[in-house]
Amino acid sequence: LLPVCLALAFSLAALGSSHWCEGTRRVAKPLCQDHPGGLGCIHLNRGHGGGRRDDESQAVQYIWETGDDRFIQSRFHVGLWQSCEENLGSAGEKCRSFQSIIPAEEHGLLWLSIGAEILNILLVLTSAVLLGSGVSSQSAGFRWLKVDASVAILTVLAGLLGMVAHMMYTTIFQIAVNLGPEDWKPQTWDYGWSYCLAWGSFALCMAVSVMAVNRYTAARLEFIKKQRVRKGSKHSQHKFPEPKASESVREMEAAPGPAGHALVSASEHLPPNAPGKVSMC
């Protein structure tokens, strides 16, 4: 139950976050009027009135940085739903829909990926509910066999769906890197912690599936063995009933025989269907 709940938490965190991929973009530095007096800028006023009463529209700013010095690295992160990057003009981030970045023909693939992720979460949630109900009721016997079999099937399906969804998203992001808008294309990128959580959920689902199969196999073999033992004990008791002390009575009869010998007849406890008596000479 613990790894199933952990896989569910990983999947939910990955679905709702926007750190599947992270990287940097090459962005032009803001103009001098946005940061007056900054490095590489000269601020001059052409007015002669003096002081703060000068019209700011008369200000002239110069920047002498050229080449790569005119650009800075802006960090960004992308998820299933949106792409966010640093806002150079102010604090915080500016975000836009990830669907608006990818080409239009890839929108269907993106929704397939999102649908597979949601179905993966539903399957893992169902497995957690089954295991939780079994633990709370403390049931035993064949019902636990059904629970283990169901959990094994559900978790392996969830893991496979998650794997397909992650691979589809990776393909979509690489297409966006190559064919996306010029004002978004990253210079460097790598996978983020949300992507790691998604694959961690896949690994946990596969591990739970293997554990459930092992539990089912062991419990099934033990269940069959107990049934055979019970059937064997019932069969032996029916075939060989234990004699009662009151019925274990021996009767002996003596009859005259030839040559002075005595014929002795003994009747002991016999099975109910055994006819006749046992005679000894």
Side-chain angles (χ1 to χ4, degrees), residues 10-46 56-117 162-202:
F10 283 0
S11 296
L12 288 173
L15 182 66
S17 61
S18 59
H19 288 265
W20 284 66
C21 296
E22 301 174 344
T24 57
R25 290 181 55 240
R26 192 182 184 190
V27 182
K29 287 183 178 180
L31 297 176
C32 284
Q33 60 260 26
D34 295 334
H35 300 280
L39 184 63
C41 294
I42 300 177
H43 186 81
L44 297 176
N45 289 328
R46 293 188 299 178
E56 291 186 0
S57 63
Q58 301 296 321
V60 178
Q61 288 119 9
Y62 299 93
I63 180 170
W64 62 78
E65 292 175 323
T66 59
D68 290 338
D69 294 335
R70 296 184 297 112
F71 300 94
I72 58 176
Q73 300 294 327
S74 174
R75 296 192 59 82
F76 77 96
H77 53 89
V78 186
L80 290 171
W81 309 101
Q82 61 183 2
S83 172
C84 300
E85 62 178 309
E86 293 177 334
N87 193 354
L88 299 179
S90 61
E93 295 179 334
K94 55 181 181 179
C95 300
R96 54 177 165 171
S97 173
F98 181 62
Q99 190 173 0
S100 64
I101 296 173
I102 63 177
E105 57 270 14
E106 303 298 333
H107 289 177
L109 188 61
L110 176 62
W111 284 111
L112 277 178
S113 176
I114 294 174
E117 292 287 352
M163 179 185 68
V164 172
H166 308 340
M167 294 175 67
M168 285 193 295
Y169 179 82
T170 305
T171 303
I172 294 169
F173 182 79
Q174 291 176 351
I175 291 174
V177 169
N178 296 324
L179 303 177
E182 292 296 331
D183 62 342
W184 178 85
K185 284 186 178 181
Q187 185 178 14
T188 60
W189 64 274
D190 201 353
Y191 298 109
W193 57 265
S194 300
Y195 193 79
C196 297
L197 285 182
W199 280 106
S201 176
F202 162 77

Problem - Atom pair NE2/NE2 of His77 and His19 - distance to nearest 0.5 Å - result: 4.0 Å
Exercise for the section: Check Ala14 against Trp20 and note the closest heavy-atom contact, atom names and distance. Expected result: O-NE1, 2.8 Å
Completion exercise
What one should report as the nearest heavy-atom pair of Trp81 and Ile114 is CH2-CG2, 3.5 Å
Fill in the blank from the handout: Heavy-atom closest pair (Cys84 atom, Glu93 atom, distance to 0.1 Å) is CB-OE1, 3.7 Å
Do any side-chain atoms of residues 98-111 form donor-acceptor pairs under 3.5 angstrom with protein atoms, and if so which ones, sequence neighbours left out?
| unit_1 | atom_1 | unit_2 | atom_2 | d |
| --- | --- | --- | --- | --- |
| Ser100 | OG | Ser97 | O | 2.6 |
| His107 | NE2 | Gln99 | O | 2.9 |

Pairs of donor and acceptor atoms involving the side chains of residues 166-181, under 3.5 Å and at least two apart or interchain, shall be tabulated with distances.
| unit_1 | atom_1 | unit_2 | atom_2 | d |
| --- | --- | --- | --- | --- |
| His166 | ND1 | Glu117 | OE2 | 2.7 |
| His166 | ND1 | Gly162 | O | 3.0 |
| His166 | NE2 | Gly162 | O | 3.2 |
| His166 | NE2 | Ala198 | O | 3.2 |
| Tyr169 | OH | Gly79 | O | 3.0 |
| Thr170 | OG1 | His166 | O | 2.9 |
| Thr170 | OG1 | Tyr195 | OH | 2.8 |
| Thr171 | OG1 | Met167 | O | 3.0 |
| Asn178 | ND2 | Gln174 | O | 3.1 |

Practice task
Could you tell me which non-hydrogen atom of Ser201 sits nearest to which non-hydrogen atom of Ser11, and how far apart they are?
Solution key: OG-OG, 2.5 Å
Exercise for the section: Kindly give the heavy-atom pair with the smallest separation between Ser17 and Trp193, and that separation in Å. Expected result: CB-CH2, 3.6 Å
Handout entry: Min side-chain heavy-atom separation Glu85-Lys94 under 4.5 Å
Key = yes
Problem - Check: Ser74 main-chain N/O paired with Thr24 side-chain donor or acceptor under 3.5 Å - result: no
Problem - Expected output: side-chain Arg25 to main-chain Asp183 donor-acceptor under 3.5 Å - result: yes
Problem - Shortest non-hydrogen contact from Ser194 toward Ser18 - result: OG-N, 4.5 Å
Problem - 4.5 Å side-chain heavy-atom contact, Trp189 and Phe76 - result: yes
Practice task
Carefully, step by step, assess Met163 and Trp199 under the rule side chain to side chain contact (heavy atoms under 4.5 Å, CB included).
Solution key: CA-CA 7 Å; Met163 179 185 68; Trp199 280 106; 3.7 Å; yes
